[in-house]
Amino acid sequence: MPQIIQSGTFLLRKIYSTTLYRSCSSFAKMMQAVCVDVPGGPENLVLRSIPRPTPKDGEVLIKVHAAALNRADLLQRKGFYPPPAGESDIIGLEVAGTVDTLGQRLKGNWKPDNRVMALLGGGGYAEYVSVREELLMPVPNNLTFCQAAAIPEAWLTAFQLLVFIAQVKEGEVVLVHAGASGVGTAAVQLVRLFGAVPIVTAGSQEKLQVAEKLGAAAGYNYKEESFVQGVRDFTGGKGVNVILDCIGGCNWEKNVNSLAVDGRWVLYGTMGGRALEGDLLGKLLSKRGHLLCSLLRSRSLEYKADLVKAFADRALPCFSAQPATLRPVIDSTFKLGEIAEAHRHMEANRNIGKIVITVTPQSEETH
């Protein structure tokens, strides 16, 4: 008999614990987020209700008003670019919104409802995201949340490539591939800001015109002409000092032929393939060329914090100058529930500038 009573007590305890857990779970704060259960096409992006993140020590919870797409998002959706250890599995590398909740042990003077934008390791396709305070920046007063969401990943990438990696100097000529992309439109403007000369490649006349309006001194449609000859003509045969390259494989020989002696070829993507054939090392050696490779997402928190600070000091004020000398270029906006269509739009290479996702209805109204 005692055995039966003991078993029954254990069973009641188990039922009570389970019921209490479920009851507490029902009070958990939830949010809408885009999830990927199975890697694949845009149709695998699913909007789902999941628990909100809780800010840890040194973190700030952001109520997301807008997020922006990056090529890395497409790779992650396909299963080719997993988030770094400890980062959210949710896609999304940049957001803008308002401070919702403050974690403990913060060093900055952040307050609820502050307008902020943030560089993320993941988690952007959601109504809330928790981020280290070192990766926050204030949104310039003259920018909307949609405009601000287009800044962190794209502009910090371009700034990193030009300042930290290539160490571009005044008067140098910089060739920017994909000059009408998010990173490309940022790079063109930053090159001008640093007193150097940007030239670009792009796949249509419309894209070249946009880049030229932003400050590109010349542009070449890679589908219709050889940019190598264009570079030679523009530089008087000397070649460019810096190349920002997100294409990779298929362009390697053209890049080396376009590079000046002692030039820096900065590789940050491989949209044109990773494999190559030919005498890359020999040709690069003959130019005393530097091949520099860089990614941002996998960098340490300390590196990213230094990058955010340098950008905030040197470039961020230019977005609110009168007149503004830097501006994010927005191609289109989609709602969070239209995320699959936004991915299709980027995969078709139709965008000029950034594709932005509006997450909350008041993203523009609260300016």
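The structure displayed is predicted, hence computed values, not measured ones. All residue numbers refer to positions in the sequence shown, counting from 1.
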Self-check item: CG-CG distance between Leu74 and Leu69, expressed to the nearest 0.5 angstrom
Solution: 6.5 Å
Exercise. Would you mind reporting whether Leu280 and Val256 have side-chain heavy atoms less than 4.5 Å apart?
Key: yes
Quiz item: Run the ring pair (Phe, Tyr, Trp, His ring centres under 6.0 Å) check on Phe159 and Phe311 step by step: do they pass?
Solution: CA-CA 7 Å; Phe159 187 92; Phe311 179 83; 5.6 Å; yes
Quiz item: More than 12 heavy atoms of other residues, nucleotides or ligands under 6.0 Å from CD of Glu277: is that the case?
Solution: no
Practice problem: Please say whether more than 12 non-hydrogen atoms of neighbouring residues, nucleotides or ligands are located less than 6.0 Å from NZ in Lys169. | Solution: yes
Quiz item: Is it the case that Arg327 places NZ or CZ above or below the six-membered ring of Phe319, under 6.0 angstrom from the centre and within 45 degrees of the axis?
Solution: no
Self-check item: Shortest non-hydrogen separation from Ser49 to Met30 and the atoms involved
Solution: OG-CB, 3.6 Å
Quiz item: Do the non-hydrogen side-chain atoms of Phe145 and Val356 ever get within less than 4.5 Å of each other?
Solution: no
Practice problem: Given side chain to side chain donor-acceptor pair (under 3.5 Å), test His345 with Asp331 step by step and report yes or no. | Solution: CA-CA 10 Å; His345 186 67; Asp331 171 81; 2.8 Å; yes
Exercise. Would you please indicate if the ring centroids of Phe227 and His177 are separated by under 6.0 Å?
Key: yes
Quiz item: Would one find more than 12 heavy atoms of other residues, nucleotides or ligands at under 6.0 Å from atom CD of Glu206?
Solution: no
Practice problem: Measure from the side-chain N and O atoms of Tyr128 to the backbone N and O of Lys63, and report whether any donor-acceptor pair falls under 3.5 Å. | Solution: no
Practice problem: Considering non-hydrogen atoms only, spot the tightest contact between Ala218 and Phe234 and give its length. | Solution: CB-CD1, 3.9 Å
Quiz item: Can you tell me how far the CG atom of Leu291 sits from the CG atom of Leu267, to the nearest 0.5 Å?
Solution: 6.5 Å
Quiz item: Given Leu119, which of Glu153, Met137, Glu134, Arg297 fulfils the side chain to side chain contact (heavy atoms under 4.5 Å, CB included) condition?
Solution: Glu153
Quiz item: How close do Cys318 and Leu193 get, heavy atom to heavy atom, and via which atoms?
Solution: SG-CD1, 3.8 Å
Practice problem: Would you confirm whether Lys354, through its side chain, and Ala68, through its main-chain N or O, come within 3.5 Å as a donor-acceptor pair? | Solution: no
Practice problem: Grab the two heavy atoms, one from Ile357 and one from Ala342, that are nearest each other, plus how far apart they are. | Solution: CD1-CB, 3.7 Å
Practice problem: Just do the side chain to side chain donor-acceptor pair (under 3.5 Å) check on Asn251 and Asp245 with the steps written out, would you? | Solution: CA-CA 9 Å; Asn251 266 358; Asp245 181 23; 4.8 Å; no
Practice problem: Mark yes or no for whether Arg288, through its side chain, and Val261, through its backbone, hold a donor-acceptor pair below 3.5 Å. | Solution: no
Practice problem: Carefully, step by step, assess Glu59 and Lys56 under the rule salt bridge (charged side-chain N to carboxylate O under 4.0 Å, His left out). | Solution: CA-CA 5 Å; Glu59 292 184 347; Lys56 301 174 184 176; 5.2 Å; no
Quiz item: Under 3.5 Å, side chain of Gln189 to main-chain N/O of Ala186, donor-acceptor pair present?
Solution: no
Quiz item: Do Asp37 and Asn44 have a side chain donor and acceptor closer than 3.5 Å?
Solution: no
Quiz item: Could you give the distance from CG (Asn241) to CG (Leu175), rounded to the nearest 0.5 Å?
Solution: 11.0 Å
Practice problem: Indicate yes or no for a side-chain donor-acceptor contact from Arg48 to the backbone of Val34 under 3.5 Å, with no hydrogens or angles considered. | Solution: no
Quiz item: Sequence neighbours excluded, which residues qualify as salt bridge (charged side-chain N to carboxylate O under 4.0 Å, His left out) partners of Lys309?
Solution: Asp313
Quiz item: Does NZ or CZ of Arg299 fall inside the cone over Phe164's six-membered ring, less than 6.0 Å from its centre and within 45° of the axis?
Solution: no
Exercise. With rounding to the nearest 0.5 Å, note down the distance linking NZ in Lys254 to OH in Tyr220.
Key: 14.0 Å
Quiz prompt | Residues forming a side-chain hydrogen bond (donor to acceptor under 3.5 Å, both in side chains) with Ser181, sequence neighbours excluded | solution = none
Practice problem: Apply the test side chain to side chain donor-acceptor pair (under 3.5 Å) to residues Gln76 and Arg71: give CA-CA distance (whole Å), side-chain angles for both, the deciding distance (0.1 Å), then the verdict. | Solution: CA-CA 9 Å; Gln76 183 173 338; Arg71 289 280 169 183; over 6 Å; no
Quiz item: Is the shortest side-chain N to carboxylate O distance from Lys283 to Glu253 below 4.0 Å?
Solution: yes
Self-check item: Qualifying residue, where the test is side chain to side chain donor-acceptor pair (under 3.5 Å) with Lys111 and the options are Asn114, Asn109, Asp113
Solution: Asn109
Quiz item: Of all residues at least two apart in sequence or in a different chain, which pass the side-chain hydrogen bond (donor to acceptor under 3.5 Å, both in side chains) check with Asp57?
Solution: none
Quiz prompt | Polar side-chain atom of Lys223 near backbone of Ser204 as donor-acceptor pair, under 3.5 Å | solution = no
Practice problem: Inspect the contact between Glu338 and Lys335 and indicate whether a charged nitrogen and a carboxylate oxygen are less than 4.0 angstrom apart. | Solution: no
Quiz item: Do Ser294 and Gln160 get their side chains close enough for a donor-acceptor pair, meaning under 3.5 Å?
Solution: yes
Quiz item: Is it the case that Asn221 and Gln205 place a side-chain donor and acceptor less than 3.5 Å from each other?
Solution: no
Self-check item: Polar side chain donor-acceptor pair, Asp73 to Tyr81, under 3.5 angstrom
Solution: no
Self-check item: Distance, nearest 0.5 Å, that separates CZ of Arg52 from CD of Gln32
Solution: 11.0 Å
Self-check item: Over all atoms of both residues, closest heavy-atom pair of Thr333 and Cys146
Solution: CG2-SG, 4.3 Å
Practice problem: Show the numbers, then the answer: is there a salt bridge (charged side-chain N to carboxylate O under 4.0 Å, His left out) between Lys207 and Glu212? | Solution: CA-CA 9 Å; Lys207 291 182 176 182; Glu212 288 172 6; over 6 Å; no
Quiz item: Tell me, do Trp265 and His290 make a side-chain contact under 4.5 Å, heavy atoms counted?
Solution: no
Practice problem: Hey, could you give me the CG/CD1 distance between Leu120 and Ile90, rounded to the nearest 0.5 Å? | Solution: 10.5 Å
Quiz item: Side chain of Glu127, backbone of Ala33: donor and acceptor closer than 3.5 Å?
Solution: no
